[in-house]
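Note sheet for the following structure.
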Amino acid sequence: MTWHETKGQLVVASVCLLTTFIAYTSQIFVLWDFLGGANTKTLLILIPFNIFVIFIYINYALVCLTDPGGVPDNWIPVAEAHMEVKRSTHEPRYCKTCNNYKPPRTHHCSTCGRCVLKMDHHCPWINNCVGYHNYGHFIRFITFTEISAIYLFVLLGCRLAQMIRDLELHNVRPSTTETAFLSINLLLSFAAIVTVGILSGYHVYCLVTNTTTIEGWEKGTALTIKSFGRIHDASI
């Protein structure tokens, strides 16, 4: 196994461990006692949160393990069909690294060493490209991550407000362990809300405009679509 492969697997393991840390230390050391222990109220609040976390794990596994889509060997564009061509020459796009033509919206990933169908971007956090076959898993992964982070941040915020009231009115101080895990997980969940929220918002825009991240970077610069002898600008 190469260092690149090892590093990618370590990143994936780190994401899983971080998700587990945030989700379960918050419940064990902060929320369980705050909500009153094993009762109906606690279950009604924590079960939905844990379902969201399970969906995070499922979609993270899927986006990591699903092949984003590759170009078949010796693929050749069909004559007089829709094809992506270089604006300068109007010739079909060709990957010199893979020695193969590129179907529309395909890009070569230098990290994976291959061309990827409808490539959005290479994501180091999943150790994989986001492309045609796993984009849906990626969207669901970041969506459930955002929902879970907001859900957890609200619960932890409620506990923080209660701690402040107890301190001011009754001079009751929480344990050092609870304070530490509350502080750490508030910061981590807030960071997740901001960063994943920005990412989610951008991909909502991509979905609405039928644009990939790479196409957004290259918008209006390189490619056109050729169809039955006519040339059209390809903005998406």
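Here, residue 1 is the first one in the sequence, and each next residue gets the next number.
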Enter the distance from [X]:[atom1] to [Y]:[atom2] here, rounded to the nearest 0.5 Å.
{"X": "T2", "Y": "K7", "atom1": "OG1", "atom2": "NZ", "value": "9.5 Å"}
{"X": "K118", "Y": "C129", "atom1": "NZ", "atom2": "SG", "value": "15.0 Å"}
{"X": "W3", "Y": "L10", "atom1": "CH2", "atom2": "CG", "value": "6.0 Å"}
{"X": "S189", "Y": "I184", "atom1": "OG", "atom2": "CD1", "value": "11.5 Å"}
{"X": "F141", "Y": "S200", "atom1": "CZ", "atom2": "OG", "value": "10.0 Å"}
{"X": "N134", "Y": "I139", "atom1": "CG", "atom2": "CD1", "value": "10.5 Å"}

Answer yes or no: is there a donor N or O on one side and an acceptor on the other, between the side chain of [X] and the main chain of [Y], under 3.5 Å?
{"X": "R93", "Y": "T106", "answer": "yes"}
{"X": "N100", "Y": "C95", "answer": "no"}
{"X": "Y94", "Y": "N99", "answer": "yes"}
{"X": "N128", "Y": "T66", "answer": "yes"}
{"X": "T42", "Y": "A38", "answer": "no"}
{"X": "D166", "Y": "M163", "answer": "no"}
{"X": "D120", "Y": "T212", "answer": "no"}

Q162 versus R165, side-chain donor and acceptor atoms under 3.5 Å
no

Within a reach of under 6.0 Å around [atom1] of [X], are more than 12 heavy atoms found that belong to other residues, nucleotides or ligands?
{"X": "Y57", "atom1": "OH", "value": "yes"}
{"X": "Y132", "atom1": "OH", "value": "no"}
{"X": "Y151", "atom1": "OH", "value": "yes"}
{"X": "N74", "atom1": "CG", "value": "no"}
{"X": "Y135", "atom1": "OH", "value": "yes"}

In the structure I gave you, are the side-chain heavy atoms of [X] and [Y] within less than 4.5 Å of one another anywhere?
{"X": "V130", "Y": "H121", "value": "yes"}
{"X": "R105", "Y": "I214", "value": "no"}
{"X": "H133", "Y": "P68", "value": "no"}

Closest approach of [X] and [Y], non-hydrogen atoms and distance?
{"X": "P103", "Y": "L117", "result": "CG-CD2, 4.0 Å"}
{"X": "S148", "Y": "F52", "result": "OG-CB, 3.1 Å"}
{"X": "P48", "Y": "L43", "result": "CD-O, 4.0 Å"}
{"X": "V11", "Y": "P124", "result": "CG1-O, 3.2 Å"}
{"X": "C98", "Y": "R114", "result": "SG-CA, 4.0 Å"}
{"X": "L46", "Y": "W32", "result": "CD1-CE3, 4.0 Å"}

Assigning hydrophobic clusters by single linkage (Ile, Leu, Val, Met, Phe, Trp, Tyr; side-chain heavy-atom cutoff under 4.5 Å), is [X] placed with [Y]?
{"X": "L187", "Y": "L182", "value": "no"}
{"X": "I51", "Y": "I56", "value": "yes"}
{"X": "I45", "Y": "I28", "value": "yes"}
{"X": "W125", "Y": "V196", "value": "yes"}
{"X": "V30", "Y": "I47", "value": "yes"}

Under the criterion side chain to side chain contact (heavy atoms under 4.5 Å, CB included), which of L62, T143, V63 is the partner of F138?
V63

Test side-chain contact (heavy atoms from CB on, under 4.5 Å) applied to Y60 and T145, step by step
CA-CA 10 Å; Y60 186 64; T145 299; over 6 Å; no

What do the steps show when you test E146 against L199 for side-chain contact (heavy atoms from CB on, under 4.5 Å), and what is the final call?
CA-CA 10 Å; E146 183 71 5; L199 182 65; over 6 Å; no

Before you tell me yes or no, could you show the steps for N50 and Q27 under side-chain contact (heavy atoms from CB on, under 4.5 Å), namely the whole-Å CA-CA distance, both residues' side-chain angles and the distance that decides it to 0.1 Å?
CA-CA 10 Å; N50 283 280; Q27 295 180 79; 2.8 Å; yes

Would L167 and R173 count as a side-chain contact (heavy atoms from CB on, under 4.5 Å) here? Give the steps.
CA-CA 6 Å; L167 183 61; R173 297 178 180 276; 3.7 Å; yes

